[in-house]
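These numbers come from the heavy atoms of this one structure, side chains and all, not from hydrogens, waters or symmetry mates. One-based numbering, in listed order, for ligands and for the atoms of each. Nothing here was measured: the structure is a model prediction, and the numbers come from that model.
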Amino acid sequence: MRRAFNLLVFQLLFLYQSEAQIRYSIPEELKTGSLVGNVAQDLGLDLKRLRSGRARIVTGENIQYTELKADKGTLVVNERIDREQLCGDVTPCSFTFEILLEKPMELHPVTIEVLDVNDNAPTFQNTHLEFEISESAALGSRFVLESADDADVGPNGLQNYILTPNDNFVLKQHVNPDGSKYAEMVLQKPLDREQQPRLSLKLLAVDGGNPQKSGTVNINVRILDANDNAPVFNQSVYKATVIENAPKATYVVTVNASDIDSGLNGQVTYSFSKSKAGIADLFNIDETTGRIYVTKEIDFEKDKKIEFRVEAKDQGGLTDSSKVEIEVIDVNDNAPVINVMSFTSPVSEDSPAGTTIGIINVKDLDSGENGQVRCAIEGGVPFKIKSNVRNYYALITDAALDRESLPECNITVVASDAGSPPLSTKRTFNLKVSDVNDNAPVFPRKFYSALAAENNSPGISVLSVNAKDPDENQNARVSYILQECEIGGSPVSEYVSVNAETGVVSAVRSFDYEQIKELVFTVKAQDGGSPPLSSNVTVKIMIQDQNDNPPQVLYPVQTGGSVVAEMVPRSADVGYLVTKVVAVDVDSGQNAWLSYKLQKSTDRALFEVGSQNGEIRTIRQVNDKDAVKQRL
Ligand SMILES: *[C@@H]1O[C@H](CO)[C@@H](O)[C@H](O)[C@H]1NC(C)=O
Ligand SMILES: *[C@@H]1O[C@H](CO)[C@@H](O)[C@H](O)[C@H]1NC(C)=O
Ligand SMILES: *[C@@H]1O[C@H](CO)[C@@H](O)[C@H](O)[C@H]1NC(C)=O
Ligand SMILES: *[C@@H]1O[C@H](CO)[C@@H](O)[C@H](O)[C@H]1NC(C)=O
């Protein structure tokens, strides 16, 4: 309705201004057959004249936009009229033709102004605009956007650009000298690729028509990386444990830093910080994966906890660092060590039980149970070990000592730790026991006895005594001493002597059995100790008889060189006892056994002597022929 009213106003206006010339204004894009104007009426011609004059349109153009309806005297749209096609940007837009009448010929120019209708939306040539903008682009940077075209003119033409709201860009519009409008994006807030790697915006171009039309173009902004982020470790400290002596290439821990930049700017390599020397001897770090491995056996006793820093670096040179704490776990790899603080040898055999002979110190470099040491003494020796102060032990005697049964002793101390398996160390102490004169010399027998023939030569040795002393050296050096006593009223030393060193008992004089039959005396054996110890032994020397005395005739008594006379009667019977010879011998035994024999006789057949009893008897009758004197 409103449009129709506008048209009417225009028609009237032009009719009034010119009689000869008709001017119509119509909107573009009317349907074929739509009324443009009542020509007959406007020219003041009746329909008959139009018919008789064969009224028609003449035009130099190929396209005939309008048609004259002679029967109704109206001008109608014949063909679609596109203002934009017809005039482009030129405004106002009109075309002109003539209405020709014959008989008489009349020519009436008709101008039709084509009014713009908002039938075109602003359009962009592309559907997408691509931008690549560094995230480090400065604030205020401008990016010219593609202009949109709107074929419509005037208010129906392009009026405005609108950018979808976003944080980073604002739109700024400009007018070209030709009046066309263009826009640019101006960076008002820094870009951050890491936060938003791309932006998808829409640029809207709107016209002023009613209804309003618009065109859009998508703007894709790809944000290019700048190395504006350093790598960042995901932990401020990495803790790990590693077993002592772990073999080379044992994995320990992985450090991990990420860099949110892209490409080389985000490519991280790992290294040990230079701040601590020697770490590279123990570990290596994989430059790309951050995995840390053992390169050398780690000694817990040297390093219980290893701390160092690692560095992550991107290819742009930005870095971060973090701490690595590696705790080393002890392994029982150290045996206890025994140190001798003092040791006394020899020790006197009279030392009482509980005497300290040595002090040792034990050490074990391992920790915990692996370093807990216990000491003991091996075997059945009379010693014990005692600790009063941690890790210090005293070796003490556990019983009275006796050098004679245990002159030296190997005391083996075993120090073992409580590890699993335990390690132990042995140390042997060679202890010598020194002598004390606690043993007297001992004779192997209760007494000694020997035989000695009488009439011996003085000085011969009769026997020897020998005592042993189990002590040592001077304490075992035995001297023999003859103990004073009397024998037959004389000191024993007048009979025998004893060699102090050898114990040989010798005769001092020649013995006379007939005087003394045996010698009994005491020999003392005494050692060289201080004070000396001694023991006695009884020695008995039995003197043996020798036949050193002839028998002596006691009867009949002979005086001087005279002959003893006996009387025998002529009548004496056989077996008549003439006399009995009595003799004695001071020797003893066989040496004193006597037998009698006739040595010489005048007549062997007359007398005999009893060999046992010395009786002289007749063995036949005495006769007259026998001499008066018989000599025996
Ligand atoms: C680094 O740590 C992050 C999480 O903190 C994880 O997503 C990533 O996979 C890790 N990288 C490596 C190489 O292990
Ligand atoms: C850090 O990275 C390491 C290695 O990839 C991973 O084991 C660890 O769990 C990560 N730490 C955190 C807190 O994500
Ligand atoms: C003590 O040990 C030493 C050396 O091994 C050895 O010669 C000696 O015979 C040992 N002594 C004893 C009483 O075992
Ligand atoms: C040895 O004998 C002497 C004298 O006969 C005596 O005085 C001494 O006590 C004795 N010694 C021992 C150990 O019997």
Side-chain angles (χ1 to χ4, degrees), residues 194 229-242 250-272 283-294 307-315 318-327 437-449 465-471 475-498 500 503 505 518-541:
E194 289 71 35
N229 288 284
V232 177
F233 276 102
N234 72 344
Q235 290 173 209
S236 61
V237 55
Y238 295 86
K239 296 191 177 185
T241 55
V242 65
T250 300
Y251 167 75
V252 182
V253 69
T254 303
V255 296
N256 174 357
S258 43
D259 187 320
I260 52 179
D261 289 328
S262 71
L264 290 178
N265 291 336
Q267 200 170 313
V268 176
T269 57
Y270 301 95
S271 63
F272 293 129
F283 300 103
N284 71 348
I285 185 165
D286 186 306
E287 193 183 81
T288 53
T289 64
R291 288 170 72 84
I292 296 175
Y293 300 92
V294 170
E307 292 185 358
F308 53 89
R309 295 196 74 80
V310 284
E311 202 166 85
K313 189 178 195 179
D314 67 23
Q315 304 305 295
L318 297 179
T319 61
D320 186 23
S321 75
S322 180
K323 191 174 174 187
V324 176
E325 291 180 7
I326 296 173
E327 205 182 310
N437 194 22
D438 55 354
N439 288 284
V442 175
F443 287 102
R445 306 192 208 157
K446 277 250 164 49
F447 68 89
Y448 288 85
S449 65
V465 294
N466 189 12
K468 294 257 181 281
D469 189 318
D471 290 325
N475 293 337
R477 194 151 147 195
V478 179
S479 305
Y480 302 94
I481 300 154
L482 181 64
Q483 297 288 84
E484 268 323 318
C485 65
E486 286 200 348
I487 290 174
S490 310
V492 65
S493 53
E494 288 186 5
Y495 292 92
V496 288
S497 71
V498 176
V505 178
E518 61 176 20
L519 300 166
V520 178
F521 54 92
T522 299
V523 175
K524 180 164 91 170
Q526 176 173 294
D527 64 28
S530 172
L533 295 175
S534 63
S535 52
N536 292 337
V537 76
T538 302
V539 180
K540 187 171 172 185
I541 296 175

Check: D286 main-chain N/O paired with Y293 side-chain donor or acceptor under 3.5 Å: no

Closest protein heavy atom to atom 1 (C) of ligand 2, given as residue, atom name and distance to 0.1 Å: N234 ND2, 1.5 Å

Check: N475/D527 side-chain N/O donor and acceptor closer than 3.5 Å: no

Nearest protein heavy atom with distance in Å, relative to atom 9 (O) of ligand 2: Q235 OE1, 4.1 Å

F447 atom CZ, neighbour heavy-atom count above 12 within 6.0 Å: no

Close-contact set for ligand 4 against S534 heavy atoms, below 4.0 Å: 13 (C)

Nearest-neighbour protein heavy atom for atom 12 (C) of ligand 4, which is reported as residue plus atom name and distance: N536 ND2, 3.2 Å

4.0 Å protein heavy-atom contact status of atom 7 (O) of ligand 1, strictly under: no

Donor-acceptor under 3.5 Å (Q267 side chain, Q315 main chain): no

For atom 5 (O) of ligand 2, closest protein heavy-atom neighbour: N256 ND2, 3.3 Å

Residues, nucleotides or ligands: over 12 heavy atoms within 6.0 Å of R309 CZ: yes

Protein contact for atom 14 (O) of ligand 4 (heavy atom, distance under 4.0 Å): yes

N229 versus D261, side-chain donor and acceptor atoms under 3.5 Å: yes

Interfacing atoms of ligand 4 (cut-off 4.0 Å, heavy-atom, Q483): 1 (C), 2 (O), 3 (C), 4 (C)

